[in-house]
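Chain A is the first sequence line, chain B the second, and so forth, proteins listed ahead of strands; every chain is numbered from 1. Worth saying up front: this structure is predicted, and the values here are computed from it rather than measured.
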2 protein chains.
Amino acid sequence: MPRPKSPLLSRERIRDAALELIDAEGIGALSMRNLALRLDVKAASLYSHYPNKDAVLDAVANLLTRQVDTSGFERGWRAGLETWGRSYHAALRGHPNAAPVVAAGTGRREDFLAMADAVHGGLVGDGWPPRYATMIAASVKYLVIGAATTPFASGFADDTRVYFERYPNLVQAHLIPAHAEEIDSDSFELALAGLLAGLEPLHASLTAGERRGAREAGR
Amino acid sequence: MPRPKSPLLSRERIRDAALELIDAEGIGALSMRNLALRLDVKAASLYSHYPNKDAVLDAVANLLTRQVDTSGFERGWRAGLETWGRSYHAALRGHPNAAPVVAAGTGRREDFLAMADAVHGGLVGDGWPPRYATMIAASVKYLVIGAATTPFASGFADDTRVYFERYPNLVQAHLIPAHAEEIDSDSFELALAGLLAGLEPLHASLTAGERRGAREAGR
DNA sequence: ACCTGAACACCGTTCAAGT
DNA sequence: ACCTGAACACCGTTCAAGT
């Protein structure tokens, strides 16, 4: 049945189906043939809408990136980083199987660049010199990506008894799967809070004159 | 030429060749057929030494994990985390193409568990309650994995002029490829220093009595 | 313009066969 | 025990053909 009068596919439908497939069966299950099957279509048809598989993955990554909130910088650099970090983290934790997709190849994705630009602007706008703004944005991103792609507690074997003899220090609550998610989110919050607390004196040590100079040079 | 008197392959030779291949051509180039080619052998031969491709990748990950130094905790929790974080980061940055391999599936790898156990023991031994030890170890791991798998500056297009119009805030030094590596390592150091500085008052707020109690309950 | 069938060059893995 | 050839069920991608 070639060339139906109303198209069977669209870029959005393909992208959404790809995310569903990743959520349900993991990144390993996302093949062009498998994706086509889900859309009641043949694999070759997808190439009428995306040039290749990577482009489909980019569309998924952009979709998730657009959920990230960078509006908090209106209330200062600290509130901005908190809002950004938490919403970024939440977007990835909402689709854990897709997190590595979002983490990869960030540098040439449209919506990632828009996000990075907003964050950098927010930091420079509240007095951080551009070079610090770059490093601080990178730091928070490291935490988000690390937390989303390798949650600490998950991945341990379900049968914790295996560990008892060889790894005495690890036999703690964090090996109990039921606590895993809570410990992961608490760890992210602790790290974010710790980092922001550690940056506070650095920001304070910038004199009013240095802050103004940084703001002017930043644009 | 089946069954030579002295074996052509060994687990170590296969694992080392896999790392070389990943370093030279990236993770995408590591196929069993390609790996076998490099060892002057057929793909099926590899299955006499490893049950599957994942096991080869685990061997590579374990090799890199064994380079990580957890001895610093003898000089206190802060020195321990610095030594651990830096050596972990350095091990992954030395093989950037392999970093995602090390990041994945950590929970059931022998050498990762030994490392995590040493870190946890070092933190609890210097007064952190077990639950905090878990979260702090997770935090530093997040930074290391995030920094190693998605270096901030890399991945931007070489031609930075593309960004000028649309992303005014991003047109800074960090878009210059020559500075990328320096900014990445500086960012990691800033994040680690910030996090440790932020944790200091938390550790100090634990009274001597609470510290003793934590140490006793931690084993 | 949009979908299909068939083909190409790849994969990971298995297994009987050789020594 | 260790290596091979051949096969299986998969991949991503291309392209002529159909309407």
Side-chain angles (χ1 to χ4, degrees), chain A residues 1-62 97-98 100-101 104-105 108-109, chain B residues 1-62 97-98 100-101 104-105 108-109:
Chain A
M1 193 190 289
R3 179 62 175 141
K5 49 198 123 188
S6 79
L8 298 173
L9 295 174
S10 72
R11 286 177 59 87
E12 289 72 27
R13 254 173 54 73
I14 293 170
R15 176 251 278 152
D16 293 347
L19 181 54
E20 278 172 33
L21 185 52
I22 292 169
D23 282 344
E25 302 181 39
I27 195 76
L30 181 75
S31 69
M32 296 302 265
R33 282 171 166 87
N34 227 334
L35 179 56
L37 201 66
R38 223 165 221 264
L39 290 159
D40 262 316
V41 111
K42 302 298 169 188
S45 312
L46 302 172
Y47 292 85
S48 297
H49 301 267
Y50 288 96
N52 50 46
K53 186 181 176 179
D54 259 5
V56 177
L57 291 174
D58 275 356
V60 170
N62 278 333
N97 292 342
V101 174
R108 34 202 85 180
R109 272 188 13 241
Chain B
M1 192 189 289
R3 179 64 175 138
K5 49 197 124 189
S6 79
L8 298 174
L9 294 173
S10 72
R11 286 177 58 87
E12 290 70 28
R13 253 173 54 74
I14 293 170
R15 176 250 279 152
D16 293 346
L19 182 54
E20 279 172 32
L21 185 52
I22 292 170
D23 283 344
E25 303 181 40
I27 195 75
L30 181 75
S31 69
M32 296 302 265
R33 283 170 166 87
N34 227 335
L35 179 55
L37 201 66
R38 223 165 220 261
L39 291 159
D40 262 316
V41 110
K42 302 299 171 188
S45 312
L46 302 172
Y47 291 84
S48 297
H49 302 266
Y50 288 96
N52 50 46
K53 186 181 176 179
D54 258 6
V56 178
L57 291 174
D58 274 357
V60 170
N62 278 333
N97 291 342
V101 174
R108 34 204 86 182
R109 272 188 13 240

Chemist: Report the distance from atom CD of B:E25 to atom CG of B:N34, rounding to the nearest 0.5 Å.
Modeler: 6.0 Å
Chemist: For residues 47-55 of chain B, dump all side-chain donor-acceptor pairs below 3.5 Å to protein atoms at least two apart in sequence or in another chain.
Modeler:
| unit_1 | atom_1 | unit_2 | atom_2 | d |
| --- | --- | --- | --- | --- |
| B:Y50 | OH | B:R11 | O | 2.8 |
| B:N52 | OD1 | B:D54 | N | 3.3 |
| B:N52 | OD1 | B:A55 | N | 3.0 |
| B:K53 | NZ | B:L30 | O | 2.8 |

Chemist: How does DNA chain D look in dot-bracket form if you count Watson-Crick and G-U pairs under 3.5 Å, write [ ] for pairs that cross, and put | where a base pairs with another strand?
Modeler: ||.|||||...|||||.||
Chemist: Whole Å only: how far is the CG atom of A:L35 from the P atom of D:dT13?
Modeler: 12 Å
Chemist: Rounded to the nearest 0.5 Å, what's the gap from OG on B:S31 to CG on B:L21? Could you check?
Modeler: 7.5 Å
Chemist: Sequence neighbours left out, what passes side chain to side chain contact (heavy atoms under 4.5 Å, CB included) with A:D23? Give chain and number order.
Modeler: A:L19, A:H95
Chemist: Strictly under 3.5 Å: I want the nitrogen or oxygen pairs between protein and nucleotides 7-11 of chain D, one per line.
Modeler:
| unit_1 | atom_1 | unit_2 | atom_2 | d |
| --- | --- | --- | --- | --- |
| D:dC11 | OP1 | A:S31 | OG | 3.2 |
| D:dC11 | N4 | A:R33 | NH2 | 3.4 |

Chemist: Would you kindly give the CG-to-P distance between A:L39 and C:dC2, to the nearest whole Å?
Modeler: 15 Å
Chemist: Where is the tightest heavy-atom contact between A:R109 and A:A104, given as atom of each residue plus distance?
Modeler: NH1-O, 3.8 Å
Chemist: Rounded to the Å, how far apart are B:L8 CG and D:dT4 P?
Modeler: 7 Å
Chemist: Let's see if you get this right: which residues in residues 14-26 of chain A place a heavy atom under 4.0 Å from DNA chain D?
Modeler: none
Chemist: Give a yes or no answer on whether the side chain of A:R38 reaches the backbone of A:A18 with a donor-acceptor pair at less than 3.5 Å.
Modeler: no
Chemist: Could you state the interatomic distance from CZ (A:R13) to CG (A:D16), rounded to the nearest 0.5 Å?
Modeler: 9.0 Å
Chemist: Among residues 44-52 of chain B, which ones have heavy-atom contacts with DNA chain C below 4.0 Å?
Modeler: B:A44, B:Y47, B:N52
Chemist: Return the CG to CD distance between A:L35 and A:E20, rounded to the nearest 0.5 Å.
Modeler: 10.0 Å
Chemist: Can you find a pair of side-chain heavy atoms, one from B:I22 and one from B:I27, that are under 4.5 Å apart?
Modeler: yes
Chemist: Considering non-hydrogen atoms only, spot the tightest contact between B:L46 and B:L9 and give its length.
Modeler: CD2-CD1, 4.2 Å
Chemist: For A:I14, run the side chain to side chain contact (heavy atoms under 4.5 Å, CB included) check against A:V41, A:V60, A:L39 and tell me which one passes.
Modeler: A:L39
Chemist: Would you mind reading off the distance between B:L37 atom CG and D:dC3 atom P, rounded to a whole angstrom?
Modeler: 16 Å
